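Data first, discussion second: the structure below is written as structure tokens.
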Amino acid sequence: MANAGLQLLGFILGFLGWIGSIVSTALPQWKIYSYASDNIVTAQAIYEGLWMSCVSQSTGQIQCKVFDSLLNLHSTLQATRALMIIGILLGLIAIFVSTVGMKCMKCLEEDEVQKMRMAVIGGVIFIIAGLAILIATAWYGNRIVQEFYDPMTPVNARYEFGQALFTGWAAASLCLLGGALLCCCCPQKATSYPTPRPYPKTAPSTGKDYV
């Protein structure tokens with residue numbers, strides 16, 4: 001029963017991490033404009049994501065521009081896009097594989113060891129997906145830090161971490177934790193003992209002694 005609860009908790013955490021990775025990839029707030037210059041303009045907020053850059057006015061109006069050219073993008077942005085998409089696809093595969101291995105499902109019910117192995121395989125895929133998301137978000141965040149502290153970057157062109165980046169870090173953590181919990185349900189090898197040899201039956205005594 002404890003194994004089933006651990007499996008279910010790991011699956012729920014991995015699933016929530018997968019949802020978070022989709023939300024993080026879709027959100028445009030990967031980096032937001034840092035008001036570090038002398039001329040502070042609080043009437044608008046400027047932020048940029050993996051697919052577009054947006055400007056939000058204080059009146060509530062939002063204007064976004066999708067990145068037109070793929071080849072004109074920075075290599076870090078292209079790699080982040082690829083890693084996030086890979087993480088999402090791996091997470092989807094992990095969900096299907098883990099579902100087959102869940103004890104509450106009737107798939108592979110006749111083979112308990114194979115069923116648990118499927119859950120462990122799903123957990124491993126969740127971990128790989130979490131690592132892909134973590135590398136993508138950490139790489140993008142490192143670029144933001146480098147540009148912020150670069151003396152060649154103008155003060156009015158510096159950005160800070162956005163909400164989508166924190167969402168990506170949380171999603172990666174959930175995928176890693178959920179995958180680790182699923183891997184904890186690894187099937188144990190049964191210890192094989194030699195079959196006991198039957199002792200020969202003794203003939204019942206007739207009560208007569210022969211000389």
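Numbers here simply count residues along the sequence, with the first being 1. Every value quoted in this text rests on a predicted model; they were computed, and no experiment measured them. Side-chain atoms are counted along with the backbone in the values below, which use heavy atoms only and exclude waters and symmetry mates.
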Can you see which heavy atom on [X] is nearest to which on [Y], and at what distance?
{"X": "L182", "Y": "A119", "answer": "CB-O, 3.8 Å"}
{"X": "A129", "Y": "G91", "answer": "CB-N, 3.8 Å"}
{"X": "I125", "Y": "L90", "answer": "CG2-O, 3.2 Å"}
{"X": "C175", "Y": "G17", "answer": "SG-C, 3.6 Å"}
{"X": "S21", "Y": "M84", "answer": "O-CE, 3.8 Å"}
{"X": "G123", "Y": "C183", "answer": "C-SG, 3.8 Å"}

Looking at W18 and I88, would you say the former's side chain and the latter's main chain have a donor-acceptor pair under 3.5 Å? yes
Side-chain (S98) to main-chain (I95) donor-acceptor, under 3.5 angstrom: no
Of L165, I144, L77, the one forming a side-chain contact (heavy atoms from CB on, under 4.5 Å) with W30 is L165
Contacts of R81 meeting salt bridge (charged side-chain N to carboxylate O under 4.0 Å, His left out) (sequence neighbours excluded), chain-then-number -> none
By ring-ring contact (aromatic ring centres under 6.0 Å, His included), F67 pairs with (sequence neighbours left out) none
By ring-ring contact (aromatic ring centres under 6.0 Å, His included), Y47 pairs with (sequence neighbours left out) none
So the disulfide (SG to SG under 2.5 Å) pairs with at least one residue in residues 54-93 (sequence neighbours excluded) are C54-C64
Parallel, tilted or perpendicular: which fits the ring planes of F15 and F11, with parallel below 30° and perpendicular above 60°?
parallel
Contacts of Q163 meeting side chain to side chain contact (heavy atoms under 4.5 Å, CB included) (sequence neighbours excluded), chain-then-number -> Q29, I32
The side chain to side chain contact (heavy atoms under 4.5 Å, CB included) partners of A132 (sequence neighbours excluded) come to none
Discussion item. Side chains of W169 and F161, heavy atoms from C-beta outward: is any pair under 4.5 Å?
Written reply: yes
